[in-house]
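Quick note: numbers below take in every heavy atom, side chains included, and nothing from hydrogens, waters or symmetry partners.
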Amino acid sequence: MAPLLEIKSATKIYGGGFFHAKSVTVALQDFDLTIDDRPATITTIAGESGSGKTTLANLVLGFTKITTGQIIYKGVDVGTMNKAQLMDYRREVQAVFQDPYAVYNPFYRVKHIFDMVLKNFKLARNKEEGRALVEAALNVVGMRGEEVLEKYPHQLSGGQRQRMMVARAYLLKPRLIVADEPVSMVDASLRAMILDIMLRLRDEHNISFLYITHDLSTAYQIGDQIYMLYQGAVAEAGGTGEVIEHPKHPYVQLLIDSIPVPDPEIKWGGEDVLTLDDEQSRVSVTSGCRFYGRCKHRMDVCLTKLPPMYDGRDRRIMWQPVISMTRSTWLRHRPMTWRPRPPTPRSAPTTRSAPSMRRSRNRRYCVLRVTCRDWLP
């Protein structure tokens, strides 16, 4: 059976052309992802601002044309779909956007977003059947039509607006929902409610999610797989719990270190971060490591060669082979490993908690701190 969604070497470059030949930004480079048809999963795309998360969402939704690569849905390249296939793709791949205020037209009542869906996709034969479908969709997100449908957008709270957008997406019975930071603009209580709705849609209705976020705590709670992006390139990918609890890439470890710990005696902030201009590494697909400007273990080869993805146990890690200080040839490829300090004894948690509650003083050392003789064949 073909995967539900498969992305192969997706690259998006902005700029270029006749008038802006030198103004080029590589927003996404050689991105690969596979979402299986069954069971439904929540795949998280995480990273700091400007890492290419929303660019990836726009490519999947068809809002932006891909530069190179393929986006394949149920075995068919989205770029070669005919009109009928593209209509089915629009129906089965829906979106929930970050801003619950900007998606509504303030001149229409909120029922207008459902009326457009019913009309454009011909989901109902009459008004009564359409109203029943809308009521069923609203019930999934814990709302009732008679309480909200006749109101204007400004009369609803941010959480109500966002839940109605989830209901609008569910109305089409999609197979995949692209959720671009759906909880970043709502308060904590409503955030938990929306995340719970996503979990129920996954488990009860077999709807997969491409969940885009910069919040590692919510990614840790609901994500099945996670892709950590940095400057448009994948730094590390794998199972959410494994990647967040045991990061291997220096950038991912830096992200985990940035999460504040509820203990005043533990220093927050980790190691000092270099502030070199890492945007210079995004001007070409042939440029070197994106993390070069902030990495304390950088080498000269990192400027010219993008580290390959190492396939480890249930994860993929971007890493650079080490050059011997006494030899000019490459040493054999080995993944980055970590040498932990002796851990402080403590009892293991009985439940899976947020990463900010599980951090300790015991951090890991990058292999580049190991002497060269430890790496000789």
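One finds the NZ atom of K173 at 6.5 Å from the CG atom of L133 (value rounded to the nearest 0.5 Å). With values rounded to the nearest 0.5 angstrom, H112 atom NE2 is found 12.0 Å from Y104 atom OH. Residue K111 holds its NZ atom at 12.5 Å from CD1 of I113, rounded to the nearest 0.5 Å. Once rounded to the nearest 0.5 Å, the distance linking OG of S217 with CD1 of I222 reads 10.0 Å. Taking OG1 of T55 as the start and CD1 of I13 as the end, the distance is 12.0 Å to the nearest 0.5 Å. The CD atom of Q162 sits 11.5 Å away from the CZ atom of R191 when rounded to the nearest 0.5 Å.
Under the 4.5 Å side-chain criterion, counting only non-hydrogen atoms from C-beta, L210 is not in contact with Y227. Counting only heavy atoms from C-beta outward, the side chains of V134 and L118 approach each other to under 4.5 Å. Contact check for D36 versus T41: no side-chain heavy atoms found under the 4.5 Å cut-off. No side-chain heavy atom of S49 sits under 4.5 Å from any side-chain heavy atom of H214. Side-chain contact check for I207 versus P174: some heavy-atom pair is nearer than 4.5 Å. Contact annotation: the side chain of L4 approaches that of Y73 to within less than 4.5 Å [non-hydrogen atoms, C-beta and beyond]. With contacts defined as side-chain heavy-atom distances shorter than 4.5 Å, the pair D32/V234 does not qualify. At a threshold of 4.5 Å between non-hydrogen side-chain atoms, the residues I71 and L5 count as touching.
Residue M116 is not grouped with residue L123 when hydrophobic side chains (ILVMFWY) are merged at heavy-atom distances under 4.5 angstrom, including chains of intermediate members. Note on I66: it clusters hydrophobically with M81, by side-chain heavy-atom contacts below 4.5 Å among ILVMFWY residues. Put simply, V110 and Y101 are part of two different groups of oily side chains (I, L, V, M, F, W, Y) that touch within less than 4.5 Å, one to the next. Y152 and M143 sit in two unconnected hydrophobic clusters of ILVMFWY residues. Membership requires side-chain heavy atoms under 4.5 Å apart, directly or through other members. In the hydrophobic clustering of this structure, V178 groups with L199; members are Ile, Leu, Val, Met, Phe, Trp, Tyr whose side-chain heavy atoms approach within less than 4.5 Å, directly or through other members.
Remark: K119 is not positioned above the aromatic ring of F121, lacking an NZ or CZ atom under 6.0 angstrom from the ring centre and at most 45 degrees off the axis.
A46 approaches L216 most closely through the heavy-atom pair CB-CD2, 4.0 Å. Minimum interatomic distance between A169 and A95 (heavy atoms only, all atoms of both residues): CB-O, 4.4 Å. Minimum heavy-atom separation, G75 to A2: N-CB, 4.0 Å. A237 and V243 make their closest contact through C-CG2, 4.0 Å (heavy atoms, listed as atom of the first residue, atom of the second, distance). The minimum heavy-atom distance linking P182 with I212 is given by the pair CD-O, 4.2 Å. Residues T240 and A219 come closest through the heavy atom pair CG2-O, 3.3 Å.
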Item to complete: Tell me, with the steps shown, if L59 and F31 meet side-chain contact (heavy atoms from CB on, under 4.5 Å).
Response: CA-CA 11 Å; L59 292 176; F31 182 84; over 6 Å; no
Discussion item. Applying side-chain contact (heavy atoms from CB on, under 4.5 Å) to T213 and V183, what does each step give before you reach the verdict?
Written reply: CA-CA 9 Å; T213 184; V183 297; 5.7 Å; no
Worksheet item: Step by step, would you call L195 with Y211 a side-chain contact (heavy atoms from CB on, under 4.5 Å)?
Response: CA-CA 10 Å; L195 294 177; Y211 176 50; 4.0 Å; yes
Worksheet item: Are F114 and L138 close enough, and set up right, to give a side-chain contact (heavy atoms from CB on, under 4.5 Å), and what steps lead you there?
Response: CA-CA 10 Å; F114 296 99; L138 289 173; 3.9 Å; yes
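In this structure, the side chain of S208 does not engage the main chain of L176 through any donor-acceptor pair within 3.5 Å. Listed for the K53 side chain is no donor-acceptor partner under 3.5 Å among the backbone atoms of L229. Remark: the backbone N or O of L156 is paired with a side-chain donor or acceptor of R161 at under 3.5 angstrom. Remark: the backbone N or O of T43 is not paired with any side-chain donor or acceptor of D224 at under 3.5 angstrom. R38 places no side-chain N or O within 3.5 Å of a backbone atom of N206 that could act as its donor or acceptor partner.
When the shell of 6.0 Å around NZ of K8 is examined, it contains 12 or fewer heavy atoms from other residues, nucleotides or ligands. The 12-atom threshold is not exceeded at OH of Y108, counting heavy atoms of other residues, nucleotides or ligands nearer than 6.0 Å.
With sequence neighbours excluded, no residue forms a salt bridge (charged side-chain N to carboxylate O under 4.0 Å, His left out) with R168.
Within the structure, every pair that satisfies the salt bridge (charged side-chain N to carboxylate O under 4.0 Å, His left out) test and touches residues 70-90, not counting sequence neighbours, is listed here: K74-E92. Judged as a side chain to side chain donor-acceptor pair (under 3.5 Å), the pairs with a partner in residues 120-144 (not counting sequence neighbours) are, in order, R125-E129, R131-E135, R144-E146.
Ion pairing of D37 with R175 is present here, as a side-chain N (NZ or NE/NH1/NH2) and a carboxylate O approach within less than 4.0 Å.
A side-chain donor-acceptor contact under 3.5 Å links E245 and Y220.
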